[in-house]
Every structure is written in C-alpha cells, then in structure tokens.
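Note sheet for the following structure.
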Amino acid sequence: MNLDFTENRNISIPSYFYITGLSGMLHMRYYYICLFFVYFISLLGNSCLMFVIIMDRNLHTPKYISVFNLSLTDICESTAVIPQLLDTFLFGNQLIPYGLCMSNMFSNMLFFTEQSLTLTVLSYDRSVAISLLLRYHMIVTHRSMLVIIGASWTLALLLTMIGAIFMSRLSFCKVIVTVNSFYCDHGPIYRSACNNNFPSSVIASLFPAIILGFPVFFIIFSFICIAVTLFRITTPQDRQRATKTCTAHLILVAIFYVPITFTYALSSVINANTRIFNLSLTTVLPPMLNPIIYTFMTEEFMVSVKRLLKRQITFLSWK
C-alpha cells in the first residue's frame with residue numbers, strides 16, 4: 001500500500017494521473033504535431049513583439065507595457081501546456097506523477113487567469129484613450145499601468161494558491177486517477193476525489209465568474225463607452241482613427257473569450273472530445289494570433305518595426 005499511496009493525515013495521494021486526451025479519433029498524432037508548429041509560431045511571434053517593444057523607445061508607453069505583459073503571459077501559458085502535451089501524447093507518457101500534474105495544473109491556471117486580466121487592462125487603456133482622450137496621459141501613466149499589472153498578477157497568484165490549497169486536501173481512492181482531458185484539468189481531477197470535494201466544486205464554479213465573467217462584463221462596458229464616444233465624434237477621419245485603434249484589441253478579445261465561453265456554457269451538452277478540442281485550440285491559438293494581429297493591424301507598431309529594420313540596415317551598411 002505504501003507503494004501505491006502517500007498517506008498524510010488521512011489524505012490519499014495517487015501515484016499517477018492518466019491523461020486520456022482525444023479518444024477514439026484517428027490520426028490524432030498529426031493534430032498534436034500541428035499544435036507544436038502553432039506553439040513554435042507563438043514563441044517566435046511573441047518574442048519578436050517583445051523585442052521590438054524593448055528596442056524602440058517610442059513604444060515605451062503604458063499601452064505597450066500591457067501589450068508586453070500579454071506577450072509574456074502568452075509565452076508562459078503556451079509553454080505550460082504544449083511541451084507537456086506533446087510529451088504526453090506524441091511519446092506516450094500519459095501517466096503523470098502527482099507532483100508534476102499539480103504543477104502543470106496550477107501554472108496553467110495562473111497564466112490563463114493573467115491572460116484574461118491583461119486583456120481587461122488593455123480594454124481599460126483603450127476606453128480611457130478614446131472616451132477621455134484629453135485626460136488620458138494624466139490617468140494612464142507608466143506608474144499606474146505598472147501598479148495595475150502588478151495587482152493583476154497578485155490576484156492571479158492568490159486565486160491559484162486558493163485552488164492549490166483546497167486541491168491538496170482532496171483524497172483519491174485509486175492508485176491511478178483517469179483525467180478525461182488533454183492536461184491536468186482541475187474539473188475532472190476534483191470530481192475524481194473520494195472525500196468531500198465541496199470547496200473545490202465551489203472554486204470550479206466561482207473561478208470562471210472571476211476569471212471570465214467579470215472581465216467580459218468590464219470589456220463589454222468599456223466598448224459600449226467607446227461606441228458612445230465614437231458616435232459623438234463628428235469628423236470621419238477622427239472616427240476612423242479611433243475605430244482602428246480598437247479593432248485589433250476587439251479581435252483579440254473575441255478570439256480569447258468566445259470559444260472558451262461557449263465551451264463552459266455548453267459543457268453539459270457537448271461531448272468530451274469536443275470540449276477537449278475546443279480547450280486545446282483556445283490554449284494555443286490566441287498566443288499565436290496576438291502578435292500577428294498587433295503587427296499587421298496596429299500602424300504605430302508597424303512604424304516601429306520599419307524604423308528598427310532601417311536602423312539595422314544602416315548599421316550593416318556602415319560595417
């Protein structure tokens with residue numbers, strides 16, 4: 001029995017969790033290979049975005065502080081999920097030790113929460129920039145943005161720690177616990193516990209409201225304020241310019257929130273494979289698309305890229 005469980009104050013910890021992944025589907029190896037290429041593009045794109053922001057002093061603004069934080073979080077989120085996923089399914093290591101599974105679960109929860117909060121911060125920035133244009137530089141400063149981002153990380157860490165504390169109190173009656181997901185998913189794991197899992201079930205219901213519900217509500221409210229302001233703008237050129245500044249962020253918000261909101265809302269209707277497929281795409285696609293959208297849809301960023309390229313070409317010509 002000591003080989004199968006670690007006993008600690010009547011808490012039975014399983015030796016392994018078995019990750020099922022997408023079951024009963026042919027040629028899934030190609031899907032996981034595709035996820036690897038998406039992950040590689042995400043790493044490359046977000047690294048380039050962060051590099052341009054660091055190198056061009058014109059982008060050292062409160063807005064691009066939050067954009068930099070989003071790219072950093074995107075890299076961390078993808079890295080927390082994809083390498084482990086590839087090791088699990090491409091190399092057949094579907095048995096994951098308890099400690100590794102818990103760290104995988106809560107790192108993913110941490111970075112996913114921070115992604116959502118950072119998109120909320122970007123919505124706040126765009127709302128103030130358009131609705132309170134004349135006071136923008138007084139309200140949104142470098143210091144205030146750093147404080148807001150620091151607060152978002154603190155909240156994400158706090159929520160993750162609460163989830164970890166209650167998860168550590170769960171007891172499991174099996175040596176190997178089956179997890180019907182593509183990673184160590186909080187929901188399937190706490191529902192497999194054989195002692196009182198009510199605190200974890202409350203967390204599973206409360207966290208989506210905090211991580212998704214409140215941010216979505218705030219983002220919708222901020223875009224309503226932006227829309228009202230745009231209707232009051234009489235000059236077509238100013239209206240077009242203001243609309244263009246929000247388009248990129250609106251696309252990012254839709255890519256991130258729409259799939260996962262429908263997945264959670266229809267979790268009782270859709271089958272397990274559909275849920276896993278949607279969640280896996282939600283994990284990898286937004287980090288890949290975020291730098292692409294900011295590169296091609298944000299004029300000031302393209303100007304910075306051209307400036308850096310011109311500077312590099314000049315430097316090489318002098319050599």
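Residue indices begin at 1 and follow the sequence shown.
Of all heavy-atom pairs between Asn93 and Asp87, the closest is ND2-OD1, 2.9 Å.
Atom-to-atom distance recorded for Met145:CE and Leu122:CG is 7.0 Å, nearest 0.5 angstrom. Taking OG of Ser131 as the start and CZ of Arg126 as the end, the distance is 11.0 Å to the nearest 0.5 Å. Summarising the geometry, atom CD1 belonging to Ile82 is positioned 8.5 Å from atom CD belonging to Glu77; distances are rounded to the nearest 0.5 Å.
In summary, of the residues considered (Val216, Ile226, Ile219), a side chain to side chain contact (heavy atoms under 4.5 Å, CB included) with Ser123 occurs for Ile219 alone. Of the residues listed (Tyr183, Tyr31, Tyr32, Phe182), the one engaging Phe89 in a ring-ring contact (aromatic ring centres under 6.0 Å, His included) is Tyr32, and it is the only one. For the side chain to side chain contact (heavy atoms under 4.5 Å, CB included) with Leu35, the lone residue among Leu85, Leu90, Val81 that qualifies is Leu85.
Ring pair Phe17/Phe172 is perpendicular by interplanar angle, where above 60° counts as perpendicular and below 30° as parallel. Using bins of under 30°, 30° to 60° and over 60° for the plane-to-plane angle, the ring pair Phe217/Phe221 lands in the parallel bin.
Under the salt bridge (charged side-chain N to carboxylate O under 4.0 Å, His left out) criterion, Arg169 pairs with no residue at all, not counting sequence neighbours.
More than 12 heavy-atom neighbours from other residues, nucleotides or ligands sit within 6.0 angstrom of CZ on Phe223.
A distance of 6.0 Å or more separates the ring centres of His60 and Tyr64.
Asn197 contributes no side-chain N or O that, together with a main-chain N or O of Ser200, makes up a donor-acceptor pair within less than 3.5 Å.
Ionic pairing of Arg307 and Glu300 is not present here: no N-O contact between side-chain nitrogen and carboxylate oxygen is shorter than 4.0 angstrom.
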